[in-house]
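Below is one structure, written out as structure tokens; comments come after it.
One is the number of the first residue; the rest follow in order along the sequence.
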Amino acid sequence: MFDISHAQEIKKVKIEDVAAYIKNADHPVVVNFWATWCAPCVEEIPWFQKLVNEYDAAHAELVLVSLDFPKNYQEAVTKFAEKNNLSATLYWLDETNADHFCPYIDSNWFGNIPVTLFGNNKTGYRKFMDDQVKEEELKTILGELVRER
């Protein structure tokens, strides 16, 4: 059996919690919606982790919101986080109705993953990406996210 006693906490949240966190963030945030069973998601997360860490001085934060299935999200996400040495904030979205939760993030989101919201409330920067973000594109977006205006 997999021991999660030393694992990073994966907080169960509703979409209103995530939206409030984004709205009230006083630092640049990268909020990625993903799942352990989604190949493009799993491929891009190490890029996010590495590149967001490069903006530590700007207090950029990576928030990973899992859409894994309820019955095994804790074990699946914990294993993935440990295997990839993630230091991101980890949430599990306790929602099943995409018609309800997607509009809280962006009116153009229809439930596909991966999707990512980049936001900086101090500068007004906001960018929504509804597909996998390639590493080079991510470098450019993160530069824009933390840039003082």
> Can you name the side chain to side chain donor-acceptor pair (under 3.5 Å) partners of Asn32, sequence neighbours left out?
Replying inline: Glu44, Thr116

>> If the condition is ring pair (Phe, Tyr, Trp, His ring centres under 6.0 Å), which residues does Tyr55 pass it with, not counting sequence neighbours?
In response: none

>> Enumerate the salt bridge (charged side-chain N to carboxylate O under 4.0 Å, His left out) contacts for residues 100-109, please, sequence neighbours excluded, ordered by first and then second residue.
In response: Asp106-Arg126

> Tell me, which pairs form a ring pair (Phe, Tyr, Trp, His ring centres under 6.0 Å) where one or both residues lie in residues 60-97, sequence neighbours left out?
Replying inline: Trp34-Phe80, Trp37-Phe69, Tyr73-Trp92

> Can any side-chain N or O of Ser107 pair as donor or acceptor with the backbone N or O of Pro103 at less than 3.5 Å?
Replying inline: no

> If you round to the nearest 0.5 Å, how far is CD of Glu144 from CG of Asn120?
Replying inline: 12.0 Å

> Residues two or more places apart in sequence or in another chain: which of them pass side-chain contact (heavy atoms from CB on, under 4.5 Å) with Pro46?
Replying inline: Asn84

>> Taking side-chain contact (heavy atoms from CB on, under 4.5 Å) as the definition, give me every residue that meets it alongside Asn53, ordered by chain and number, with sequence neighbours left out.
In response: Gln49, Ser87

>> I need the minimum non-hydrogen distance between Val52 and Ala60, along with the two atoms involved.
In response: CG1-O, 3.9 Å

> Can you name the salt bridge (charged side-chain N to carboxylate O under 4.0 Å, His left out) partners of Asp94, sequence neighbours left out?
Replying inline: Lys14

> In chain order, what residues pass the salt bridge (charged side-chain N to carboxylate O under 4.0 Å, His left out) check against Lys50, with sequence neighbours excluded?
Replying inline: Glu135

>> Side-chain heavy atoms nearer than 4.5 Å, only ILVMFWY residues, links allowed to pass through others: does that put Phe128 and Leu142 together?
In response: no

> What residues form a salt bridge (charged side-chain N to carboxylate O under 4.0 Å, His left out) with Lys127, not counting sequence neighbours?
Replying inline: none

> Linking Ile, Leu, Val, Met, Phe, Trp and Tyr by side-chain heavy atoms under 4.5 Å, what else ends up with Phe110?
Replying inline: none

>> Checking Glu54 now: which residues fulfil side chain to side chain donor-acceptor pair (under 3.5 Å) with it, not counting sequence neighbours?
In response: none

> Can you tell me if Asn112 uses its side chain to pair, donor with acceptor, with the backbone of Asp130 under 3.5 Å?
Replying inline: yes

> What distance do Gln132 atom CD and Glu137 atom CD have between them, rounded to the nearest 0.5 Å?
Replying inline: 10.0 Å

Mind listing the side-chain donor-acceptor pairs of residues 18-25 below 3.5 Å, one per line with the distance, residues two or more places apart or on another chain?
from	atom 1	to	atom 2	distance (Å)
Tyr21	OH	Glu61	OE1	2.5
Tyr21	OH	Glu61	OE2	3.0
Asn24	ND2	Ala20	O	3.0

